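Model, not experiment: these values are computed from the prediction.
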Amino acid sequence: MMNSTEKAAQIKLLALDVDGVLTDGTLNIGAEGEIFKGFNARDGLGLSCLLKSGVRVAIITGRQSAIIHRRAAELGITEIYEGIKDKRQALAQIAEESALSREEIAYMGDDLNDLPALTYAGLACAPFDAAPEVLNVSSFISAKAGGRGAVREAAELILKSQGKWNEIVDVYMQKGRGDAQ
């Protein structure tokens, strides 16, 4: 059986849940609807690095939110799937349309509704504060909580396993890059 580093070396797409993964899971809702979500800048830079290195990033969420679109636009993420009840089916459809194998897909989720997508993906990832059932099926468990750097750790795992991380660091050492965070 392959370990998470070996699995990460094959990844061409990282798909992410939002609440509890890209955010800490807190829902800030006022009378007029969703007010705000807190996103981690390091997660954002990790996602920018993935995209610039040729790894696709997709957001798959059960909720609908203009805030998600704004954050995705800041980072250059164009693949957003909202109102999704069956995340496994969404991943399978993306795979079919993109000619990706399951082994080329990573998914990070944190709760029970993510289990089908996690068990479909070649690399199942979770923040350390995910539900126990999610942790049980995940081959990569971040040392960070959702919304607190877990996505950055998954991004680094993928980029390091593919031999791309040192090149990214070298570019920043030389001149920096104007990545969104």
| In the hydrophobic cluster built from side-chain contacts under 4.5 Å, what are the other members alongside Met2? |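 Besides Met2, the hydrophobic cluster comprises nothing; the residue is isolated.
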| For Phe128, what are the other residues in its hydrophobic cluster, where any two members join if their side-chain heavy atoms are less than 4.5 angstrom apart? |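 Leu135, Ile141, listed by chain and number.
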Mind checking whether [X] and [Y] sit in one hydrophobic cluster, side chains of I, L, V, M, F, W, Y counted as touching below 4.5 Å?
| X | Y | value |
| --- | --- | --- |
| Val134 | Phe140 | no |
| Ile11 | Val21 | yes |
| Leu91 | Leu112 | yes |

| Checking side-chain contact (heavy atoms from CB on, under 4.5 Å) for the pair Val137/Leu115: CA distance, chi angles, key distance, verdict? | CA-CA 8 Å; Val137 301; Leu115 286 170; 3.8 Å; yes
| task | Answer yes or no: does atom CG of Asn3 have more than 12 heavy-atom neighbours from other residues, nucleotides or ligands under 6.0 Å? | result |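 More than 12 within 6.0 Å, yes.
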| query | Does Gln93 CD have over 12 foreign heavy atoms under 6.0 Å away? | reply |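 No, because the 6.0 Å sphere around CD of Gln93 holds 12 heavy atoms or fewer from other groups.
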Residues which pass salt bridge (Lys or Arg N to Asp or Glu O under 4.0 Å) with [X], listed by chain and number, not counting sequence neighbours:
| X | answer |
| --- | --- |
| Arg148 | Asp24 |
| Arg70 | Glu74 |
| Lys12 | Glu104 |
| Glu156 | Arg152, Lys160 |

Measuring from [X]:[atom1] to [Y]:[atom2], what's the distance to the nearest 0.5 Å?
| X | Y | atom1 | atom2 | answer |
| --- | --- | --- | --- | --- |
| Leu118 | Asn136 | CG | CG | 11.5 Å |
| Trp165 | Ser53 | CH2 | OG | 9.0 Å |
| Ile67 | Leu22 | CD1 | CG | 13.0 Å |
| Gln162 | Thr5 | CD | OG1 | 11.5 Å |

Is there a side-chain contact between [X] and [Y], using heavy atoms and a 4.5 Å cut-off?
| X | Y | result |
| --- | --- | --- |
| Lys52 | Ile168 | no |
| Glu6 | Ser161 | no |
| Asp19 | Arg63 | yes |
| Leu123 | Cys125 | yes |
| Thr61 | Ile84 | no |
| Asp110 | Asp129 | no |
| Tyr81 | Ile59 | no |
| Leu13 | Ile94 | yes |

| task | List in chain and number order the residues that pass side chain to side chain contact (heavy atoms under 4.5 Å, CB included) with Leu51, two or more places apart in sequence or in another chain; answer none if no residue qualifies. | result | Val57, Ile77
| message | The criterion is side chain to side chain contact (heavy atoms under 4.5 Å, CB included); which residues satisfy it with Ala92, sequence neighbours excluded? | response |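 Only Arg88, Tyr120 meet the side chain to side chain contact (heavy atoms under 4.5 Å, CB included) criterion with Ala92.
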Heavy atoms only: give me the nearest [X]-[Y] pair and the separation to one decimal.
| X | Y | value |
| --- | --- | --- |
| Tyr107 | Leu14 | N-CD1, 4.4 Å |
| Ala130 | Gly109 | CB-O, 4.3 Å |
| Ser142 | Glu153 | OG-OE1, 2.6 Å |
| His69 | Glu82 | NE2-OE1, 2.6 Å |
| Asn40 | Gly147 | CB-O, 3.4 Å |
| Ala8 | Leu157 | CB-CG, 3.8 Å |

Test side chain to side chain donor-acceptor pair (under 3.5 Å) applied to [X] - qualifying residues, sequence neighbours left out:
| X | value |
| --- | --- |
| Gln89 | none |
| Ser98 | Arg56 |
| Glu133 | none |
| Asp17 | Lys87 |

